[in-house]
Amino acid sequence: MSASPHRRPTGRRRLALAGAATLVAAGLGAVPLVVRADAVAPADLAHGVLPARDGWAASGSGTTGGRAADAAHVFTVSTRAELVRALSAGPAGAPRIIRVKGLIHADADDSGKPQSCADHAAGTGYSLDSYLKAYDPAVWGRAKVPSGDQEDARRAAQARQAARMVFTVPARTTVIGVPGTGAGITGGSLVVKNADNVIIRNLSLTDVRDCFPQWDPTDGSTGNWNSAYDAVSLRGATHVWVDHNSFSDAPHPDAANPVRFGREYQVHDGALDITNASDLVTVGYNTFSNHDKTMLIGSSDKDTGLRVTLHHNVFRGIVQRAPLARVGRIHLYDNYYDTTPSEGYAHSYSVNSRAGAQVVAQNNYWKLSSDRKTSQLLTGDGTGAIAGSGNLVGGAPVDLVAAHNAAGSGKKIKTAVDWRPTLTAGLEPAAGLPAKLAGTSGKPGKAGAGVLTETGGKGPAPSAPAPSAPAPSGRAGGRTLTVAADGSAAHRSVQAAVDAATAGDTVLVARGTYRETVNVPASKGGLTLKGATGNAEDVVITYDNASGTPKPGGGTYGTAGSATATFAANDITVTGVTVENTWERSAHPDVKDTQAVAVNASGDRQKYLNSRFIGHQDTVLNWAPSATGQYRQYFRHCFIAGDVDFVFGNATAVYDHVNITLRDRGAAAGGLGGYLAAPNTDAAKPYGILITDSTISSPARPGTYYLGRPWHPGASAVGQLVIRNTSLPAAVKTEGPWTDMGGFSWKSARFAEYANTGPGAGTGANRPQLGADRAAVHTARAYLAGTDGWNPTG
């Protein structure tokens with residue numbers, strides 16, 4: 001090794017630590033409660049009931065959920081086991097209130113450890129490889145659905161998963177997230193079956209995946225993989241209010257699904273399905289994002305009941321079914337639809353009316369992306385009807401049905417319905433919906449979906465705006481600037497496009513390799529840097545400076561200055577690109593300061609998605625220019641590679657569902673190969689770096705890598721790092737994966753693990769573990785919420 005990893009070379013010390021202290025709030029969820037000064041205590045929110053005339057669920061006796069629960073049947077739950085007990089405690093039919101505090105990992109064992117697909121399949125005889133071999137269309141054919149040993153085993157494994165992740169909600173129940181705790185359920189399905197009077201509010205519902213989808217070669221002309229679980233499923237349910245929740249596939253988008261038998265291996269089903277004669281349902285102020293088959297109303301074309309109201313919901317990054325109404329009387333009013341593609345989800349249609357469904361669509365607003373037409377917003381089978389008025393597309397009045405029918409795309413949609421809505425509380429003109437529901441930045445607005453306002457325990461007050469977090473800086477732009485190295489676009493270099501961009505613009509980079517350094521200054525807030533193909537390997541930004549590399553005109557670059565790409569602006573998004581620093585120690589034996597940064601992330605509310613960051617020493621710098629200031633960076637579905645301190649810095653950074661490679665430096669087994677992380681979090685900050693739900697791999701020999709060491713450039717630097725729910729390779733030193741740095745003991749830093757797996761996992765005196773209570777506050781949402789409730793995870 002040409003540079004000793006034991007010594008922190010001087011280049012990094014040039015990074016100044018300064019600034020006033022700031023308080024970082026933790027635990028704010030995806031759908032935060034904003035409490036007015038004159039509001040009652042948040043606990044009273046749990047006793048709230050559906051307001052009068054608020055959609056179909058207000059019919060008759062209305063919807064009160066667990067309002068009548070006595071003290072013995074009001075539960076606060078934070079784990080899967082507690083949720084199960086609360087749902088079944090006491091006599092059948094007794095009203096109950098279940099307050100969800102924090103994020104519940106539904107697919108977990110009784111100790112709280114998340115279960116893998118392999119855990120569910122253990123002992124059933126199921127093997128994906130065996131299943132694929134048995135039902136390969138070349139072997140099985142396409143005329144019949146799978147049957148036999150492997151299909152039976154698949155069903156058994158699926159049943160085992162269902163036993164962990166499906167929660168049946170009984171009648172007269174309120175399930176509500178506790179405001180300010182990041183309340184939600186991940187990997188779980190709430191099922192309301194043959195039950196009356198249920199309220200589901202203020203929850204983030206994410207990552208509902210079927211480990212064992214079924215192959216059906218008879219489904220369509222090419223067959224399909226079909227999964228089993230919805231985030232919320234209403235089956236024979238009546239008087240149900242679904243309010244101020246967020247639904248998303250995050251952090252496992254469909255784009256990550258493989259293709260098997262020529263079809264997407266689909267692990268997601270519906271977000272909210274209302275079927276099997278469910279009736280009198282109101283769905284209001286929810287956010288549905290990044291999902292395919294969003295909402296099905298009706299289990300078949302002969303289903304009954306199905307009187308459903310959808311109002312003031314946001315549909316963004318949705319492919320279809322918003323909703324698909326097979327039958328029933330469906331009222332859609334004041335919903336906001338954004339057809340812009342997101343995370344690989346491309347719009348197909350919004351509303352489908354078929355089989356006699358009677359849909360009334362009033363005062364809805366569509367934001368139309370450049371690749372979609374008004375005629376593509378609706379569809380049907382020729383038997384359903386859609387009536388209504390006041391709908392806007394891009395702010396202009398549009399007859400949606402006429403546009404569809406005139407385009408001749410599919411069967412005609414009827415316009416005559418046999419009923420007239422009367423339960424229309426909060427009905428308002430569509431023109432104000434973008435500001436109210438989506439906000440000027442595309443985030444939830446002041447009183448819109450995703451912000452539940454305490455108004456005395458009686459439900460939401462749509463007309464009374466609540467306080468909101470400050471709007472992200474710099475969203476004035478909106479142009480797309482194109483880059484292609486071959487000169488076929490407006491700009492040949494990425495930096496030239498960045499220089500021409502204004503805040504809020506998108507720099508779209510064509511396939512190619514771009515040898516340059518890139519700097520996005522603080523003035524370019526809201527900028528998006530996007531690879532045009534969506535495949536990070538296709539778009540590569542590369543350079544080879546190190547900290548000790550001489551600069552033209554004298555001096556050296558220093559650690560931060562060595563970066564191939566520097567992102568100093570707030571609210572930026574980097575997606576679908578590779579950024580690498582190819583500087584090699586062996587090629588420069590005369591250079592002592594061997595830090596060579598690929599990405600210098602030094603802004604707040606930054607997102608790095610589906611990208612690759614490759615280097616050796618100091619690959620990714622998570623930097624807070626003001627040591628105690630609020631600087632948050634979120635990395636999701638990314639690949640990071642390095643060998644010495646290659647995730648480091650004093651900002652708050654979350655690495656969520658990433659793949660990290662510890663590069664092989666040739667150390668003998670048990671020797672010193674390198675270090676993954678080196679945080680220098682200021683002591684005033686509760687949160688530094690979190691690596692969660694990820695996979696760390698390495699070709700290096702066993703026992704050669706440390707997980708981290710505390711960079712301590714000054715008295716206030718007390719590094720904070722948690723690695724949780726992550727697979728660790730044999731290269732990690734199992735007896736002691738933490739080590740000192742520069743004379744500062746790792747035991748004085750804030751290092752911990754939780755529920756890690758793999759050959760590099762372990763416990764013991766030198767492997768501090770979080771308990772379940774502490775783990776509940778070391779989540780992506782808690783780290784990123786800050787003082788404004790930022791939540792990029794869903």
Side-chain angles (χ1 to χ4, degrees), residues 29-71 73-77 86-87 94-101 169-181 183-185 190 192 195-205 232 234 237-246 272 280-287 309-313 423-426 444 446-467:
V31 282
L33 167 67
V34 182
V35 183
R36 296 205 314 267
D38 59 347
V40 296
D44 287 341
L45 185 77
H47 292 81
V49 302
L50 179 67
R53 299 181 60 250
D54 193 343
W56 276 115
S59 297
S61 58
T63 301
T64 58
R67 175 68 175 266
D70 58 28
H73 291 91
V74 177
F75 308 91
T76 299
V77 302
L87 288 167
R96 70 194 66 219
I97 293 172
I98 301 174
R99 304 170 69 245
V100 177
K101 185 177 181 180
V169 182
R172 304 177 71 191
T173 295
T174 294
V175 183
I176 184 168
V178 176
T181 68
I185 300 172
L190 295 177
V192 185
D196 179 70
N197 202 4
V198 171
I199 296 173
I200 299 173
R201 303 183 76 189
N202 205 39
L203 296 171
S204 173
L205 301 161
V232 175
L234 310 184
T238 53
H239 286 107
V240 179
W241 181 27
V242 181
D243 171 69
H244 280 90
N245 304 288
S246 66
L272 169 60
L280 304 178
V281 177
T282 296
V283 180
Y285 287 92
N286 301 278
T287 298
T309 300
L310 277 69
H311 71 82
H312 293 92
N313 300 287
L423 303 169
T424 56
K446 289 186 176 181
V451 181
L452 181 56
T453 307
E454 178 65 77
T455 59
K458 299 295 185 181
S463 61

Engineer: How many angstroms lie between atom OG1 of Thr174 and atom CG of Asn202, to the nearest 0.5 angstrom?
Structural biologist: 12.5 Å
Engineer: How long is the gap from OG1 on Thr282 to CH2 on Trp241, to the nearest 0.5 Å?
Structural biologist: 9.0 Å
Engineer: Quick check for you: to the nearest 0.5 Å, what is the distance between His244 atom NE2 and His312 atom NE2?
Structural biologist: 10.0 Å
Engineer: How about Leu190 and Leu203: do any of their side-chain heavy atoms sit closer than 4.5 Å?
Structural biologist: yes
Engineer: Please check this pair: side chain of Arg96 against backbone of Ala86, looking for a donor-acceptor N/O pair closer than 3.5 Å.
Structural biologist: yes
Engineer: If I take atom OG1 from residue Thr63 and atom CG from residue Asp54, how far apart are they, to the nearest 0.5 angstrom?
Structural biologist: 9.5 Å
Engineer: Using a 4.5 Å cut-off on heavy atoms from C-beta on, say whether the side chain of Asp243 contacts that of Ile199.
Structural biologist: no
Engineer: Starting from the C-alpha separation in whole Å, work towards a yes-or-no answer on side-chain contact (heavy atoms from CB on, under 4.5 Å) for Val283 and Leu272.
Structural biologist: CA-CA 10 Å; Val283 180; Leu272 169 60; 3.8 Å; yes
Engineer: What distance separates Asp196 CG from Thr238 OG1, expressed to the nearest 0.5 Å?
Structural biologist: 3.5 Å
Engineer: Are the side chain of His239 and the backbone N or O of Gly65 linked by a donor-acceptor pair below 3.5 Å?
Structural biologist: no
Engineer: Could you tell me the separation between the CG atom of Leu45 and the CD1 atom of Ile176, rounded to the nearest 0.5 Å?
Structural biologist: 4.0 Å
Engineer: Identify the two heavy atoms, one from Ala425 and one from Ala52, that lie closest to each other, and give their separation to 0.1 Å.
Structural biologist: CB-O, 3.8 Å
Engineer: Heavy atoms only: give me the nearest Asn313-Gly284 pair and the separation to one decimal.
Structural biologist: OD1-C, 3.5 Å
Engineer: Would you say that Val74 contacts Arg99 through its side chain, given a criterion of any heavy-atom pair below 4.5 Å between the two side chains?
Structural biologist: yes
Engineer: Between Thr181 and Pro179 (side chain of the first, backbone of the second, donor and acceptor by atom type, cut-off under 3.5 Å), is there such a pair?
Structural biologist: no
Engineer: Just wondering, do His311 and Tyr285 contact through their side chains at under 4.5 Å, heavy atoms?
Structural biologist: yes
Engineer: So which heavy atom on Val198 is nearest to which on Arg172, and how close?
Structural biologist: CG2-N, 4.4 Å
Engineer: Tell me whether Asn286 contacts the main-chain N or O of Val242 through its side chain, where contact means a donor paired with an acceptor under 3.5 Å.
Structural biologist: yes
Engineer: What is the minimum heavy-atom distance between Ala195 and Ala171, and which atoms define it?
Structural biologist: CB-N, 3.6 Å
Engineer: Counting C-beta onward and ignoring hydrogens, is there a side-chain heavy-atom pair between Ile200 and Val192 closer than 4.5 Å?
Structural biologist: yes
Engineer: What are the two closest heavy atoms between Pro170 and Leu87, and how far apart are they?
Structural biologist: CG-O, 3.6 Å
Engineer: Which heavy atom in Val49 sits nearest to a heavy atom in Arg67, and how many Å separate them?
Structural biologist: CG1-NH1, 3.2 Å
Engineer: Within the distance-only criterion (no hydrogens, no angle test), does the side chain of Asn245 pair as donor or acceptor with the backbone N or O of Leu205 below 3.5 angstrom?
Structural biologist: no
